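Since the structure is predicted, the reported quantities are computational estimates derived from the model, not experimental observations.
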Amino acid sequence: MSTVESYDPEPSDRRDPLIAGLGALATGAPAGLLDRVAARWVRVDAAIGDVYVAMTDQGVAYLRAEQDEDEFAASFRSRFARPLLPGGSPPPALVRALRTGRAEGLHLDLRGLRPFEAAVLRAAATIPRGEIRPYAWIAERIGRPKAVRAVGTALGRNPVPLLIPCHRVTRSDGLIGQYVFGMPAKERLLRMEHVNLDEVGTLAAKNVYFVGSDTTGVVCYPSCRDARRITPAHWHGFRTLGQAERAGYRPCRHCRPGGAAP
DNA sequence: CCTAAGGCTTAGG
DNA sequence: CCCTAAGCCTTAG
């Protein structure tokens with residue numbers, strides 16, 4: 001910190017770096033220091049209703065749909081050791097992200113996450129709007145194929161839901177799965193993003209979890225944008241990825257069923 | 001530091 | 001089809 005470096009200690013301070021450091025803190029704080037320490041909260045109208053959002057100087061750090069600012073502050077403090085101050089009006093980029101569901105380019109402050117959690121969220125962030133992937137897909141992608149349940153736990157702790165679209169992660173058996181804001185909200189969000197949940201359900205009822213085209217020999221998750229273009233005459237459903245592969249299909253490079261590496 | 005319990009799951013019986 | 005327990009990261013104790 002420039003304050004500490006530029007501080008000219010009194011002779012008596014010279015031997016003790018701690019005293020010198022404390023002294024530096026006592027001299028004038030530079031403008032902006034407060035915002036490097038404190039977070040600011042704002043309220044934004046999101047697709048699921050009003051949410052509270054905390055931002056640091058690095059970006060958006062926390063988003064929750066609490067009842068009021070006190071409740072939000074309490075949940076923020078139970079997780080972050082940093083003061084929370086009122087932040088005025090929300091940045092346009094944030095408002096846009098929460099209204100459109102497109103968070104590209106928005107800065108997030110994800111410091112403090114465990115490496116596993118960070119990996120899970122990074123994978124979740126790659127799921128395009130309008131598509132869904134299973135929890136097991138994330139587990140595969142991050143190289144922990146059996147940590148499926150831990151993936152759910154990590155997503156449940158997503159500090160910035162909506163911005164990192166954990167609602168696009170659903171169960172392998174075709175059910176929606178749990179969600180921080182509740183299952184109904186998850187379903188509403190997905191329908192809003194034009195995920196055809198009715199089709200997903202219909203297929204699941206028939207034990208179809210993968211679909212392929214016999215012209216391209218490519219197999220996809222049903223919600224994959226490429227799967228939605230398969231001509232009915234060439235459409236084939238599969239229960240497992242293995243069955244599709246045995247039939248000569250290879251995983252789609254876009255939705256990467258099974259979590260295949262790039 | 002260690003153990004236990006529990007969570008936005010899933011495969012297998 | 002329902003039920004169980006494996007499996008694994010976190011956190012509470």
A/Y179 has an atom OH; how far is it from atom C1' of B/dT9, in whole Å?
18 Å
Base-pairing assignment for C/dG7 (Watson-Crick or G-U wobble, both under 3.5 Å)
none
Whole angstrom is fine here: how far is it from CG in A/N207 over to C1' in B/dT10?
14 Å
Atom CG of A/N158 to atom P of C/dT10: distance rounded to whole Å?
14 Å
Give one of base, sugar-phosphate or nothing for A/V151, where a contact means two heavy atoms less than 4.0 Å apart.
nothing
Less than 4.0 Å between a side-chain N and a carboxylate O, is that true for A/R157 and A/E117?
yes
Nearest-Å distance, OH (A/Y135) to C1' (B/dT9)?
8 Å
Taking the six-membered ring for Trp, are A/Y221 and A/Y209 ring centroids under 6.0 Å apart?
no
Partner of A/L98 by side-chain contact (heavy atoms from CB on, under 4.5 Å), out of A/L63, A/I48, A/D45, A/L106:
A/L63
If the P atom of B/dC8 is compared with that of C/dC2, how far apart are they to the nearest Å?
22 Å
How would you label the contact of A/G177 with the nucleic acid (heavy atoms, under 4.0 Å): base, sugar-phosphate, or nothing?
nothing
Rounded to the Å, how far apart are A/R133 CZ and B/dT10 C1'?
19 Å
Note: for A/E117 and A/K146 on DNA chain C, the residue whose nearest nucleotide lies more 5' is A/K146
Tell me: CG of A/L155 to P of B/dG6, nearest whole Å?
21 Å
Side-chain atoms of A/V148 come closest, of C/dC9, B/dT10, C/dC8, to B/dT10
Please check if the distance between the ring centroids of A/Y249 and A/F238 is under 6.0 Å.
yes
Choose from C/dT11, B/dG7, B/dC8 the nucleotide whose nearest atom is closest to any side-chain atom of A/C166.
B/dC8
Comparing nearest nucleotides in DNA chain B, the 5'-proximal residue of the pair A/D173, A/A150 is A/A150
Pairing partner of B/dC8, by Watson-Crick or G-U wobble and under 3.5 Å for both distances, is none
A/R149 side chain N/O closer than 4.0 Å to the phosphate oxygens (OP1, OP2) of C/dA5?
no
Does A/R144 put a side-chain nitrogen or oxygen below 4.0 Å from OP1 or OP2 of C/dC9?
yes
Strictly below 4.0 Å: does A/R157 bring a side-chain N or O up to OP1 or OP2 of C/dT11?
yes
State which of B/dT10, B/dG7, B/dC8 makes the closest approach to the side chain of A/Q178.
B/dC8
I'd like to know if A/R191 and A/E193 make a salt bridge, using a cut-off of under 4.0 Å between side-chain N and carboxylate O.
no
Parallel, tilted or perpendicular, judged at 30° and 60°: which one describes the rings of A/F80 and A/Y62?
perpendicular
Atom CZ of A/R171 and atom C1' of B/dT10: how far apart are they, to the nearest Å?
7 Å
Side-chain N or O of A/S172 versus OP1/OP2 of B/dT10: is the shortest distance under 4.0 Å?
yes
B/dA4 and C/dA6, which share atom name P, separated by this distance in whole Å:
15 Å
Let me know the distance between CG of A/L175 and P of C/dC1, rounded to the nearest Å.
12 Å
